[in-house]
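Every chain is numbered from 1, with letters handed out A, B, ... down the list of sequences. As the structure is a computational prediction, the values presented were derived from the model and not from experiment. Values below: all heavy atoms of this structure, side chains included; hydrogens, waters and symmetry mates excluded.
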Amino acid sequence: MSQHALLSAGAKSWRSLACLRTELRLDLTLGCGQTFRWRETGEGHWTGVMGGRVWTLTQTDDTLWYYTYSTPGSEGEMNGRKRRVGARPHGPVKKAKGMIMVKEEEPTEDQEPKVMTPERDIKEEETLKDYFQLNVKLADLYREWGTADQHFKRIAQTFTGVRMLRQDPTECLFSFICTSNNHISRIQGMVERLCHTLGPPLCQLDGTSYHDFPPLQALADSSVEACLRNLGFGYRARFLQQSARQIVDTHDSRWLDSLRGVPYFQARDALRTLPGVGLKVADCVCLMSLDKACAVPVDTHVWQIAQRDYRCGVGKGQKSLTDKVHRDIGDFFRQLWGPYAGWAHSVLFCSDLKKFQKLKETAVKKEEVAEVKITSEKTAKKSGRGASVPRVKREAVAE
DNA sequence: CTAAGACCTCC
DNA sequence: GAGGTCTTA
């Protein structure tokens with residue numbers, strides 16, 4: 001049985017890239033709801049599908065480690081000859097108690113060694129850099145946002161390395177059509193079932209099968225709505241099928257990808273012609289797959305953040321998130337953060353997620369300790385009034 | 001432009 | 001109700 005790779009089981013067949021935690025935090029970046037395709041398969045190890053291949057990623061202080069599994073067809077790149085179909089990490093790995101794995105580095109006889117051609121090696125490194133947009137210097141951006149915005153500065157101390165992914169536009173679009181009236185954990189399950197049912201299989205690891213995202217044509221088939229309703233997609237099943245149908249019927253196959261080269265508002269308007277795609281979903285697709293770094297997806301939580309943390313008056317007295325409020329909140333944050341406003345937004349969005357509240361609480365405690373220390377130092381000097389109680393901001397929680 | 005209601009399911 | 005969208009008034 002093939003297993004998920006673990007760095008502790010031997011770094012030999014892993015590759016790596018220099019990357020600081022200030023530039024990338026896998027847990028936050030992969031878990032903040034911009035992608036629904038990654039799972040933590042070991043402590044700090046994330047396994048998912050990217051670029052038609054299954055990857056496991058993990059990181060140490062200054063290094064991003066990656067491992068790819070062989071899949072049917074993926075070996076064709078080497079010399080046109082198909083290699084093994086099974087996939088497994090190199091070096092058999094024994095499972096000890098819980099997450100602890102016993103290191104064991106023996107060559108296996110039942111399989112050919114994973115041949116890593118330089119071409120594929122380079123290609124995969126490029127795929128990874130592209131997906132995480134590692135050419136964008138996140139620490140520099142954090143510094144700029146923090147200069148203009150004290151609230152951001154405070155949050156950013158804890159939520160470092162929250163980075164926008166550059167996802168496949170088709171996967172991004174159809175995943176986000178699933179997000180309406182929904183929450184992350186359920187969306188994850190839906191996308192998983194979608195891929196399992198309509199996506200090409202890639203490999204199997206520890207009994208879990210990994211599939212690529214379904215191609216557009218597969219989603220456009222008229223049988224898809226009923227199929228997805230059976231999988232618990234509800235009314236979104238029709239949106240998915242109809243949107244796929246509309247794209248296949250009225251555009252050529254590269255249309256969605258071509259929106260990367262189109263200005264933000266134009267690309268957003270184009271997306272909004274698709275059923276199930278409103279301003280929020282269109283902004284998500286623009287930001288997360290179409291290179292529109294200034295796109296700020298506005299949902300009820302982002303609206304709440306604007307009011308609570310920025311005393312933003314936009315839409316005050318408004319009962320619901322109208323298109324106008326959408327646009328005005330977006331403009332508000334673009335004015336505050338500049339051309340990468342969408343990236344900054346995701347840092348605050350991430351910090352508001354319930355699953356990351358523990359992180360925040362420990363940070364608040366540290367702040368309190370620091371503040372008490374400062375206050376008591378002052379008090380000692382002036383030998384005056386006692387230490388004041390540090391203010392703890394009451395912040396609502398998303399999800 | 002804004003305000004309701006409906007839409008599927010799951011916790 | 002949940003990280004909306006569509007339709008109708």
Exercise. Just checking A/N182: base, sugar-phosphate only, or nothing, at a heavy-atom cut-off of under 4.0 Å?
Worked result: sugar-phosphate
Exercise. With hydrophobic residues grouped by side-chain heavy-atom distances under 4.5 Å, do A/L259 and A/L216 end up in a single group?
Worked result: yes
Exercise. When hydrophobic residues are tied together by side-chain contacts of less than 4.5 Å, even through go-betweens, does A/W38 share a cluster with A/M288?
Worked result: no
For this session: Would you check if there is a donor-acceptor pair between the side chains of A/Y264 and A/D291 at a distance under 3.5 Å?
Result: no
Problem set entry | Under 3.5 Å: donor-acceptor pair, side chain of A/R21, backbone of A/T160 | no
Exercise. Atom CG of A/L240 to atom P of C/dG4: distance rounded to whole Å?
Worked result: 16 Å
Problem set entry | Close approaches to DNA chain C from residues 310-320 of chain A, in residue order (heavy atom, under 4.0 Å) | none
Exercise. Quantified in whole Å, what is the P atom distance between nucleotide C/dG3 and nucleotide B/dT2?
Worked result: 24 Å
For this session: Report the C-alpha distance between A/T56 and A/Y69 in whole Å, list the side-chain angles of each, state the deciding distance to 0.1 Å, and finish with yes or no for side-chain hydrogen bond (donor to acceptor under 3.5 Å, both in side chains).
Result: CA-CA 8 Å; A/T56 294; A/Y69 304 84; 2.5 Å; yes
Problem set entry | Nucleotide C/dA2, atom C1' - distance to CZ of A/R236 in whole Å | 9 Å
Exercise. At what distance, to the nearest 0.5 angstrom, does CZ of A/R236 lie from CD1 of A/I187?
Worked result: 8.0 Å
For this session: Give a yes or no on whether the ring-centroid distance for A/F36 and A/F176 is below 6.0 angstrom.
Result: yes
Exercise. Atom CG of A/D323 and atom P of C/dG4: how far apart are they, to the nearest Å?
Worked result: 14 Å
Exercise. Looking across every strand, which nucleic acid part, if any, lies under 4.0 Å from A/R229 by heavy atom: base, sugar-phosphate, or nothing?
Worked result: sugar-phosphate
Exercise. Would you say A/T322 reaches B/dT2's phosphate, i.e. side-chain N/O to OP1/OP2 under 4.0 Å?
Worked result: yes
Problem set entry | Separation of B/dC11 P from A/R186 CZ (nearest whole Å) | 9 Å
Exercise. Within the structure shown, what part of the strands sits under 4.0 Å from A/L279 by heavy-atom distance: base, sugar-phosphate, or nothing?
Worked result: sugar-phosphate
Exercise. Linking I/L/V/M/F/W/Y whenever their side-chain heavy atoms sit closer than 4.5 Å, directly or via other members, would A/L165 and A/L348 fall into one cluster?
Worked result: no
Exercise. Cluster question for you: counting only ILVMFWY and a side-chain heavy-atom cut-off of under 4.5 Å, with indirect links fine, are A/L194 and A/L274 together?
Worked result: yes
Exercise. Reckon A/K280 touches a base, only the sugar-phosphate, or nothing at all at heavy-atom distances under 4.0 Å?
Worked result: base
Exercise. A/F349 vs A/H301 aromatic rings, parallel, tilted or perpendicular, using cut-offs 30° and 60°?
Worked result: perpendicular
Exercise. What integer distance in Å separates A/H183:NE2 from C/dA2:P?
Worked result: 11 Å
Exercise. Should A/R272 and A/D323 count as an ion pair when the cut-off is N to O under 4.0 Å?
Worked result: yes
Exercise. When you look at A/F233 and A/F239, which way does the ring-ring contact (aromatic ring centres under 6.0 Å, His included) test go after all the steps?
Worked result: CA-CA 10 Å; A/F233 279 63; A/F239 288 154; over 10 Å; no
Exercise. Out of B/dC8, C/dG3, C/dT5, which nucleotide sits closest to the side chain of A/N181?
Worked result: B/dC8
For this session: Rounded to the nearest angstrom, tell me the gap between atom CH2 in A/W303 and atom C1' in B/dT2.
Result: 11 Å
Problem set entry | Parallel, tilted or perpendicular: rings of A/W14 and A/H45 (30°, 60°) | perpendicular
Exercise. Which part of the nucleic acid does A/C350 contact within heavy-atom distance under 4.0 Å: base, sugar-phosphate only, or nothing?
Worked result: nothing
For this session: May I have the distance from A/L287 (atom CG) to C/dG3 (atom P), rounded to whole angstrom?
Result: 18 Å
Please write out the pairs of protein N or O atoms and N or O atoms of nucleotides 6-9 of chain C separated by less than 3.5 Å, giving the distance to one decimal.
residue, atom, partner, partner atom, Å
C/dC6, OP1, A/G276, N, 2.9

Exercise. Based on Watson-Crick and G-U pairs with both distances under 3.5 Å, what dot-bracket line describes DNA chain B 5' to 3', crossing pairs as [ ] and inter-strand pairs as |?
Worked result: .||||||.||.
For this session: Measure from CG on A/L228 to C1' on B/dT9 and round the result to the nearest Å.
Result: 14 Å
Problem set entry | Pairwise P distance, C/dT5 and B/dC11 [rounded to whole Å] | 23 Å
Seminar exercise, completed: From the candidates B/dT2, C/dT5, C/dG3, the one with an atom nearest any side-chain atom of A/H326 is C/dT5
